[in-house]
Amino acid sequence: MIDLKRLRAAPDEVRAALARRGEPAVLTLLQELERLDERRRSIAGALDALKAERNAAAREDARHVKAGGTLPPEVLVERRALGEQISEREAALRDVEAEMAGKALYVPNVPLPELPDGDASNNRTVRVWGDPRPPAATLRPHWEIGERLGILDLARGAKIAGSGFPVFFGAGARLVRALVAFMIDLHVREHGYREVEPPFVVTRASMQGTGQVPKFEDDAYRTVPDDLFLVPTAEVPVTNLHRDEILDGASLPFGYVAYTPCFRREAGAAGRDTRGLLRVHQFDKVELVRFTRPDESPAEHERLTDHAAAVLRALELPYRVVLLAAGDVGFASAKTYDLEAWAPGVGQWLEVSSSSTFTDFQARRASIRYRARAGDKPALVHTLNASGVALPRTIAALLETGQQSDGSVVLPAALVPYFGADRLNPPGGP
RNA sequence: GGAGGGCUGGCCGAAUGGCUAAGGCACCGGUCUUGAAAACCGGCGGGCGCAAGCCCUUACAGGUUCGAAUCCUGUGCCCUCCGCCA
């Protein structure tokens, strides 16, 4: 959520920074918020004064009654009038605060200055790792490899749940399980994350805390009688672990690694990337979530991004790191690096991880604070997260990268202890 | 799904319509000490404010009242038992 104090103190700076997102509606929202904020402060000030008056009168009356006196009718009339004034202003304050909350929840995070200007076409590749295998007519796309190996069945998934719900069979299912275990172990052992298995459904309050709701409610699957949401990413349950908490500053920074399935309706993405595993409604993902002090978050973001990239290096998948432009970063993010793995069969870089710092945006919405030292005032933490990494596109890159002319697929050495073999063989093969 | 009990600060726990929500534990700072412990002093929910100070806070949201932790209504969560169940 936007920092109203900052908006009040430096309105031009906030406006200019948000304008870089390229959404004129946001600037209108800002104007309305500034007007409401002024109104709220004036009502709250008057209300405080009235309450102070009532509290003083109540103290005095109590003393009087305790001493055996009674309150004369004219005093009661006076007190009642005071009470009515307070009620009226409380109602006015409630109204203006509700209106503000309704608007503030739709204001995106302020992009950091180092982001390139412009839309997605201005995204900047900051580094490339590995040697991307050049596309060739002999290289097959992952859906052909997967179906030929008998490990991927898109048609049956569509039959039982609709398109975008893949089914993995046999070695494919085992590969999914191996990848999840491999990634979690890597992050726990090498990068110091604490493993957590959270609920796979969350309340509306949790979705609001991380920014998926109210603006993007249509992108999520929602259960009707209970108003619970299927998690679109482990970011939601894991970040909300500490909602409404004040963390011990000495414990920062720390991170969680969590596996969850992810459910996304992909409303508005219909027709894009529909082949194979490139865009699906349910997928598995290992997610990294970090909580830091504000001064540490830029360095933590770089570290976090490299924790995700370490997975791709271990899997021997060439990848590139892309810094998103101000017009392309997500609603809650202040800065995002996408990690894209090279998939030679489709000849595309596939986004397998998105590594973002949310600065204090989620922390303010979810009220996640820390106390630097005993006695200090609580301050907002910074939250960050990165996929570490998402499975379907990683599997696509693995299949397309490891494919051999005999129809088998060679797997990276790091997976062998988890998968139990160094390659996927076609049915009937060796 | 049904019945009952409960929810006060990091933890325990008092206050049943009235002055500043007791007290203890834990924790932090200080005095003392070679050091530590003990003892003693101070601090120890949140917001606004340069400050003085003001406001809010007894799970949450409403209501009654001159005045609510306390009375009323609704909601959430926890516990116990019954039923069902992997």
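Quantities reported herein were computed from a predicted structural model and do not represent experimental measurements. Lettering of chains follows the sequences in order, A, B, ..., and the numbering in each one begins at 1.
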Under 3.5 Å, is there a donor on one side chain and an acceptor on the other for [X] and [Y]?
X        : Y        : result
A/Asp284 : A/Tyr259 : yes
A/Arg290 : A/Tyr193 : yes
A/Thr383 : A/Gln362 : yes

Item checked: Heavy atoms from other residues, nucleotides or ligands near CZ of A/Arg222 exceed 12 (cutoff 6.0 Å) -> yes

Residues 158-165 of chain A, side-chain donor-acceptor partners within the protein, below 3.5 Å, at least two apart:
none

Checklist line | Nearest-angstrom distance, P atom, B/rG4 to B/rG13 | finding: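 To the nearest whole Å, 25 Å.
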
Note to self: Taking any heavy-atom pair under 4.0 Å as a contact, classify A/Arg40: base, sugar-phosphate, or nothing.
What the structure shows: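 No contact at all - A/Arg40 keeps every heavy atom at 4.0 Å or more from the nucleic acid.
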
Check: Sequence neighbours excluded, which residues qualify as salt bridge (Lys or Arg N to Asp or Glu O under 4.0 Å) partners of A/Asp153?
Finding: A/Arg156

Check: For RNA chain B, whose closest nucleotide is more 5', that of A/Arg94 or that of A/Ala58?
Finding: A/Ala58

Notebook entry, point to check: For nucleotides 51-57 of chain B, read 5' to 3', which letter fits each nucleotide if B means a protein heavy atom sits under 4.0 Å from the base, S means only the sugar-phosphate is that close, and - means neither?
Noted result: ---SSS-

Check: Mind pulling the stems RNA chain B is in, i.e. runs of at least three Watson-Crick or G-U pairs, everything under 3.5 Å?
Finding: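 The stems that RNA chain B takes part in, listed by first number, are B:1-7 with B:76-82, B:10-12 with B:23-25, B:27-31 with B:39-43, B:45-48 with B:53-56, B:59-63 with B:71-75.
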
Taking distance alone, no hydrogens or angles, what donor-acceptor pairs closer than 3.5 Å link side-chain atoms of residues 85-102 of chain A to residues at least two apart or in another chain?
| unit_1 | atom_1 | unit_2 | atom_2 | d |
| --- | --- | --- | --- | --- |
| A/Ser87 | OG | A/Gly83 | O | 3.1 |
| A/Glu90 | OE2 | A/Lys51 | NZ | 3.4 |

Check: Side-chain N or O of A/Lys377 less than 4.0 angstrom from OP1 or OP2 on B/rG47?
Finding: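 Looking at the OP1 and OP2 atoms of B/rG47, one of them is under 4.0 Å from a side-chain N or O of A/Lys377.
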
Notebook entry, point to check: If you look only at pairs with a residue in residues 361-371 of chain A, which of them pass as a salt bridge (Lys or Arg N to Asp or Glu O under 4.0 Å), with sequence neighbours excluded?
Noted result: A/Asp3-A/Arg364, A/Asp360-A/Arg364

